Structure formats: C-alpha cells, structure tokens
Amino acid sequence: MTHGLPGLNQDEGYRRLLQGYLALRVLVLTLLLGGTLLYQVKGRPPGHWPDPQYLYSLIAASYLQALLSLLALRWLRRFRGLVQVQIAWDLLFITAILYLTGGIDSPFPFLFLLVILSAALLLTRRDVLIVAAAAAILYGSLVDLQYFGFLPVLPGISFVERVAPYRALYAVFVHVSAFFAMAMLAASLVGRLRYSEVARRQAEDDFAQLGLLNRTILANMPSGLMIIDLEGRVQSVNPAAEEMLGVTLEQLKDHPAGRFFPALEVPQEGRFRLVERAEGTLCNGSGLTRPIGYNTSLVNDPDGKLRGLLVTFQDLSRLKEMEERLKRADRLAAVGHLAAGMAHEIRNPLASISGSVQLLSESLAAGEEDRHLLAIVVREADRLNKLLSDFLQFARPVRPDQAPFEPAAMLDDLQGLVGGDPRFTHITLQVDAPCGEVLLGDRRQLQQALWNLLINAAEAMPSGGALRLAYEPQTQSLIVEDSGHGVADALREKIFDPFFTTKDHGTGLGLATVYAIVTAHGGTLDLGTSPLGGAKFIIRLKAEG
Ligand code: ADP
C-alpha cells in the first residue's frame, strides 16, 4: 500500500505532505502558546487551567521535537517510522494538554481529530484505525482516572471535584464515536483521493507515452508529412519533409503549400480535393525539383470540424532512376538480342562470299585487274567480319574475369596510352588515384571501358581542354570528366543506347559497351555534370547501401 498522496513523485510527494503536517503542528503549538500567553496576561480564564509553567514546558518540548523532526526529514530516506513517532508523540501531547486543561472539562479533545486526519493522509487505513483506537484509549483512560479520583497527580492543576458517572460515560461515548467516525470518513476520503490520483497519474502517463510514440513515429518515418490549413498554408512538417524540402519548419510555417507542391490544388473556401495516390514534383527551398508520390487526407478536430489537409509524400527520385535503368537495360537487351542474331546471320554468307571470291581470284581465268578487285572484296569482307565480331562481343559480352588489382596502376597505364595518342595532344590530363588501394574486377574490361570514355571526352574537346581520370576508394568509383561541350539534357538517356551517336563517323557503340561492362560487374554507370564544365561519367562498382 502506498503512503501519502501519490501523484507527485512518490517520495517527494510524501516528504511535502509530511512537511505540511509538521508546519501545521507548529501552527497549532504557536496558537496554544499565544493562548497561554494571553491567559497569563488577562488572568486565569474560566475552567481548570494549570500553572502556565506546565504549558510552557510542554510547548517548548513540542517545538524542540518539531525541530528535530524537521532535521530528521532532511536526512531520512524512508519516512514511515518518523511519521509513526510523530503521531504517537502528538497523541501523548494532546493527552497531556487535556490533562493540564481539566481532563473531561478541557476544550481540546478535538485535537485528536486533527491527529486522526493527519494519520489518514500519511499512513495506511489500518494505521488510522489504530490511531483512532489509541486516541479513544488515551481519552477514555484520562476520563476514567479522573472519574475514579486518581487525578490530578501534579501540583498546581485543578480538576472538578466529582464527575458524575453518566457524564463520564457520555463524554467517552461521544468522543470515541467521533474518533472512529473521523477515522473511517478520513480513510475513505483519502482512499478515494489516492485512487483518483493514481487514475490521473496513469492517464497522464498514458498520454505522455502516446505523445512520445507519436513523436518517435513522426521523427523516424521515411515519408514526408505536411499539414496545411484551410487557406493552404503550411502548419507543420515532420523531419523527413524538412529534409526533402531542405528547409526547417520555422522557415516553412505559414507559407503557401503550393510553392512546394505545384500539383497540389489550393483549397477554395476550405474545400480540399482528396488525392488517393498521385505523382508530382516537389520544389525544395533552393528551387530544385524532385519526383514524389503523394496522397492527401483530411484533418478533423475531435468535434469533426475540418481543420486542414494532411499531405503524405515519398521521394521517388531513386525509384525513377531505377525504373529508367531497367528500361534502358531492357532496351539494350532487346536491341542486342536482335542485332546479335542478325550479325550472326550476316557472318555466314559473308564467309561464303569471301571464300568464293578467294577461289575465283585463284582461278587462272581471272586477269590482273579482276584479281585486284577481288582482293578489295576479300579485304572489305574481312573488315566487315571483324566489325561483326566486335559487335558480337559487345552484344554477348564475355563474363568479367574478376580478380583483385590496383586501380592506380590501371590509371597509370591509361595515362601512358593517352600520352601516345594524337587525339589527346592539346588536352591536359589529371589523374587522381590513391596508391595501395585494391579493386576487384576484370582489369582488361574496365580499362577498355575507361578508354572508351577517355576517347569520347577527347572528341568532345576538339580544340583541347582539361580531362580528369580518378578513382575514389570510398565508393569504389572510377570517374572520367572533361571540360568539353557536355551532354544536352534531351540526349542524357539516349546516349547509352547502342548505335546512338551525334558524330559523323561514330558507331554509337562506345558508351553501350561501357554500360555492358559495368552492369556485368554489378555496378552502375551515371552521367553527371563536371565542375570542369563538361560531362562526368561515374562508374560505381560498389552497390550503394
Ligand atoms: P560514339 O562515340 O561512337 O558517338 P558513344 O556511345 O561512345 O558513341 O557515344 C554516344 C554519344 O554520347 C556521342 O555521340 C556523344 O554525343 C555523347 N557523348 C559521349 N561522351 C561524351 C562526352 N564526354 N561529352 C559529350 N558528349 C558525349
């Protein structure tokens, strides 16, 4: 069973209650002292008041006891024993007061009621009954002793000569009944008070828990949440929304939501159009847009009154990117499949043509002129055959033979190749690769991929420029970037398609081959904009977490 009123921190609440009780006692003592002083100044009041010295010493002892209790309260950790001592002391103190102020004629038995009430507040229900019983015994004994003439014992105390039996009985009956009635009433009231305090505390705890749960969910959910009011102004956002928008709630608050959600219809006269599932764009604080999926629902207050609109949205950038990659891979697979079939079909007749022409040229009937023409046919057929072999290699790439190697050494080799190639004459190449790093992959294939990217970069800078070739170990990325004319937005998705070229003599197979090599390594190939001014190709070999 708990002691004291719960609701506050258990110990702290009890300590405060106890302090209040001690303060009340000091107040009662002071009133008694004041009364006694008055009584001395004005002369003895009617009744049986003793020599004031008795009262003084009793009150002084009680002050001392209250002081000791207050000190003990500061040091003690458990108070129950202290409270029991206080209550016992108070019962004895009141009995002494009654004794000094005329026993049955004393006006102070009501003080017992205060002690019983205090016990109800500070102790258990059982203790209250014990205190009431103790008060009844003490009061009854005092009246009995007085009735049988054993009192007063001390000098300077006057009692009535004789107490009529019915009066003694009546006084004991009335007071004992009052003590028990008070004990039961107080215990029941305090019990109820405690119960409602426990219930209130529980409700408060539940509320706090719920609040915490809500805050945790809102703070950790990956979807952005935005609440807008009936005028379409932002009222609240969660951390995910702040991150996507790149601004804080303070900066967003009361701004029209349409600024961030161009697709969201601004409500007219508080009528929102609900969206179950839609895609749109989100403009962040710096004006950048990103694709999002969103849905909306109404926010009503507990009375059902419309308060605003809740917009839930998710960033679809990565999903869109993945979608685009898959589409590209599909496209490549389909084109590659078809083209590989055709290349194969062309190769067979080509071999027959080449063989037949060779036979023809070897026949005696062929003249010198014919032999020259037939030799051209054989040479061009060989060239075509090689082109087809290259194409087949692209279309049916060899599985990468993965082994650990030093990317820095590979970039070094490429630097050597660049140095000896006239296409790079007016180009300054910068190579950034930390030594000692090891990468797992097919070095020959990756070098081929980088070479294709380097050639493209050189062709994008016909009058020279800057070129950077780098390896970043944190993301296992190989980077080729240049200061050339870059890739127009409209071409960004197409340039990876086989046979797509913007050059007069291009084959459109360079980037498609790079793409095939990188995907065979389980990596990704991305196009960005280089700080040098041109295109930036990034081969990421480590899948992003
Ligand atoms: P090709 O080089 O034969 O045209 P690619 O597949 O290598 O074929 O390149 C496809 C297209 O991508 C090029 O025609 C060009 O328009 C563009 N491209 C590739 N690399 C770059 C670059 N570094 N800068 C600008 N455009 C580029």
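Owing to the predicted nature of the structure, the values given are computational and were not obtained by experimental measurement. Order of listing sets the numbers, starting from 1, for every ligand and every atom in it. Numbering starts at 1 and runs along the sequence shown.
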(message) Under a 4.0 angstrom heavy-atom cut-off, which atoms of ligand 1 come close to Val487?
(response) 25 (C), 26 (N), 27 (C)
(message) Please enumerate all residues that pass side-chain contact (heavy atoms from CB on, under 4.5 Å) together with Ala460, with sequence neighbours excluded.
(response) His485
(message) Looking only at protein heavy atoms, which one is nearest to atom 2 (O) of ligand 1, and what is the separation?
(response) Lys503 NZ, 2.7 Å
(message) Looking at Ser354 and Leu350, would you say the former's side chain and the latter's main chain have a donor-acceptor pair under 3.5 Å?
(response) no
(request) Answer with yes or no whether Phe496 contacts ligand 1, where contact means a heavy atom under 4.0 Å from a ligand atom. (result) no
(message) Looking at every heavy atom in both Leu532 and Glu481, which two are closest together, and how far apart are they?
(response) CD1-O, 3.8 Å
(request) State the atoms of ligand 1, each with its element, that fall below the 4.0 Å cut-off from a heavy-atom position in Leu511. (result) 5 (P), 6 (O), 7 (O), 9 (O), 12 (O), 19 (C)
(message) Suppose we measure from atom 20 (N) of ligand 1 to each protein heavy atom; which comes out shortest, and what is that distance?
(response) Asn456 CB, 3.2 Å
(message) Glu324 vs Lys320, test: salt bridge (charged side-chain N to carboxylate O under 4.0 Å, His left out). Steps then yes/no.
(response) CA-CA 6 Å; Glu324 208 43 63; Lys320 290 271 165 207; over 6 Å; no
List the atom pairs, donor and acceptor, that lie under 3.5 Å between side-chain atoms in residues 406-421 and the rest of the protein, sequence neighbours left out.
| unit_1 | atom_1 | unit_2 | atom_2 | d |
| --- | --- | --- | --- | --- |
| Asp413 | OD2 | Arg443 | NH2 | 2.2 |
| Asp421 | OD1 | Arg423 | N | 2.8 |
| Asp421 | OD1 | Arg423 | NE | 3.2 |
| Asp421 | OD2 | Arg423 | NH2 | 3.0 |

(message) Out of all atoms in ligand 1, which are within 4.0 Å of some heavy atom of Ile495? Include the element for each.
(response) 6 (O), 10 (C), 11 (C), 12 (O), 17 (C)
(message) Under a plain distance cut-off of 3.5 Å, with no hydrogens placed, do Asn300 and Arg307 share a side-chain donor-acceptor pair?
(response) no
(request) Mind checking the CZ-CZ spacing from Arg331 to Phe496? Nearest 0.5 Å is all I need. (result) 11.0 Å
(message) Among all protein heavy atoms in this structure, tell me which lies nearest to atom 14 (O) of ligand 1, with the distance rounded to 0.1 Å.
(response) Thr502 N, 2.9 Å
(message) Counting non-hydrogen protein atoms only, what is the nearest one to atom 10 (C) of ligand 1? Give residue, atom name and distance.
(response) Phe500 O, 3.3 Å
(request) Could you name the option among Ser483, Gly508, Gly484, Gly486 that has the heavy atom nearest to atom 8 (O) of ligand 1? (result) Gly508
(message) Looking at ligand 1, is there an atom of it that comes within less than 4.0 Å of some heavy atom belonging to Asp482?
(response) yes
(message) Could you tell me, atom by atom, which parts of ligand 1 come under 4.0 Å of a heavy atom of Ala457?
(response) 23 (N)
(request) May I ask you to identify the nearest protein heavy atom to atom 4 (O) of ligand 1, giving residue, atom name and distance to one decimal place in Å? (result) Thr501 OG1, 2.6 Å
(message) On a heavy-atom basis, which atom in Thr513 and which in Leu509 lie closest, and how many Å separate them?
(response) OG1-O, 2.5 Å
(message) Can a donor-acceptor pair be found, under 3.5 Å and without considering hydrogens, that links the side chain of Asp301 to the backbone of Gly304?
(response) yes
(request) Go through ligand 1 atom by atom and flag the ones less than 4.0 Å from a non-hydrogen atom of His485. (result) 25 (C), 26 (N)
(request) For Ala460, counting its heavy atoms only, list the atoms of ligand 1 lying under 4.0 Å from any of them. (result) 22 (C), 24 (N), 25 (C)
